[in-house]
Amino acid sequence: QVQLVESGGGLVRAGGSLRLSCAASGRTFSAYVMGWFRQAPGKEREFVAAIGMSGSDTYYIDSVKGRFTISRDNAKNTLYLQMNSLESEDTAVYYCAAAQGVTILAHEYEYWGQGTQVTVSS
């Protein structure tokens with residue numbers, strides 16, 4: 001199994017920044033594609049970003065392009081999501097997840113963290 005633990009969430013004003021971290025343990029981190037998802041109250045879990053095993057390939061939903069940056073440090077077994085220019089619409093619980101290949105589909109991610117709350121005030 002892979003254990004994933006998110007951190008870095010919190011309350012931030014619109015236009016501000018946060019960096020989320022996801023610490024992985026239990027399996028070889030570099031063998032997985034990693035993704036970030038988010039879920040707002042009453043809404044379905046939404047794909048946000050993904051990164052390939054080496055960190056070279058990244059994917060984002062249009063609404064976060066230019067504002068969010070996904071990265072990974074395989075030596076530290078850690079995934080990151082740098083979030084800049086945050087908007088109220090970014091408010092959600094953010095989850096990191098691991099998959100065996102590049103995908104935007106939540107059901108294809110095998111392992112999930114517990115989530116971290118991001119709240120953006122206007």
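As the structure is a prediction and not an experimental result, all values here were calculated from the model.
Nearest heavy-atom pair, Ser71 versus Ile51, reported as atom, atom and distance to 0.1 Å: CA-CD1, 3.5 Å. When every heavy atom of Ser121 is checked against every heavy atom of Leu11, the shortest pair comes out as CB-CD1, 4.3 Å. Of all heavy-atom pairs between Gln39 and Lys43, the closest is NE2-O, 3.0 Å. Here the shortest heavy-atom pairing between Gly35 and Leu79 reads O-CD2, 3.9 Å. A pairwise comparison of heavy atoms in Leu4 and Ala24 identifies CD2-CB, 3.6 Å as the closest pair.
Hydrophobic clustering, with ILVMFWY side chains joined whenever heavy atoms are under 4.5 angstrom apart, groups Met34 together with Ile61.
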### Task
I would like to know whether Val2 and Tyr32 meet side-chain contact (heavy atoms from CB on, under 4.5 Å); could you show each step before the answer?
CA-CA 10 Å; Val2 174; Tyr32 291 90; 3.7 Å; yes
### Task
List the steps, then state whether side-chain contact (heavy atoms from CB on, under 4.5 Å) holds for Phe68 with Trp36.
CA-CA 11 Å; Phe68 291 10; Trp36 287 99; over 6 Å; no
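The main-chain N or O of Thr116 is never found under 3.5 Å from a side-chain atom of Glu6 such that the two would form a donor-acceptor pair. Proximity of a side-chain donor or acceptor of Tyr80 to a complementary backbone N or O of Asp73 within less than 3.5 Å is not detected.
Side-chain atoms of Thr28 and Ser30 include no donor-acceptor pair closer than 3.5 Å. Between the side chains of Thr103 and Glu108, at least one donor-acceptor pair of N or O atoms lies under 3.5 Å. There is a side-chain donor-acceptor pair under 3.5 Å between Ser17 and Asn84.
Residues Asp57 and Val102 have side chains not in contact (no heavy-atom distance under 4.5 Å, counting atoms from C-beta outward). Considering only heavy atoms from C-beta on, Leu18 comes within 4.5 Å of Leu86 through its side chain. Proximity of Thr119 to Val12: side-chain heavy atoms (C-beta onward) are nowhere separated by under 4.5 Å. At a threshold of 4.5 Å between non-hydrogen side-chain atoms, the residues Glu87 and Arg67 count as touching.
Qualifying side-chain contact (heavy atoms from CB on, under 4.5 Å) partners for Ala14, counting only residues two or more places apart in sequence or in other chains: Val120. Remark: Tyr109 pairs with Phe37 by the ring pair (Phe, Tyr, Trp, His ring centres under 6.0 Å) rule, at least two apart or across chains.
In this structure, Arg72 is positioned above the aromatic face of Phe29, its NZ or CZ under 6.0 Å from the six-membered ring centre and within 45° of the axis.
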Can you give the donor-acceptor pairs under 3.5 Å from side chains of residues 92-101 to other protein atoms, not counting sequence neighbours?
{"unit_1": "Tyr94", "atom_1": "OH", "unit_2": "Arg38", "atom_2": "NH1", "d": "2.9"}
{"unit_1": "Tyr94", "atom_1": "OH", "unit_2": "Asp90", "atom_2": "O", "d": "2.6"}
{"unit_1": "Gln100", "atom_1": "NE2", "unit_2": "Glu110", "atom_2": "OE1", "d": "3.3"}

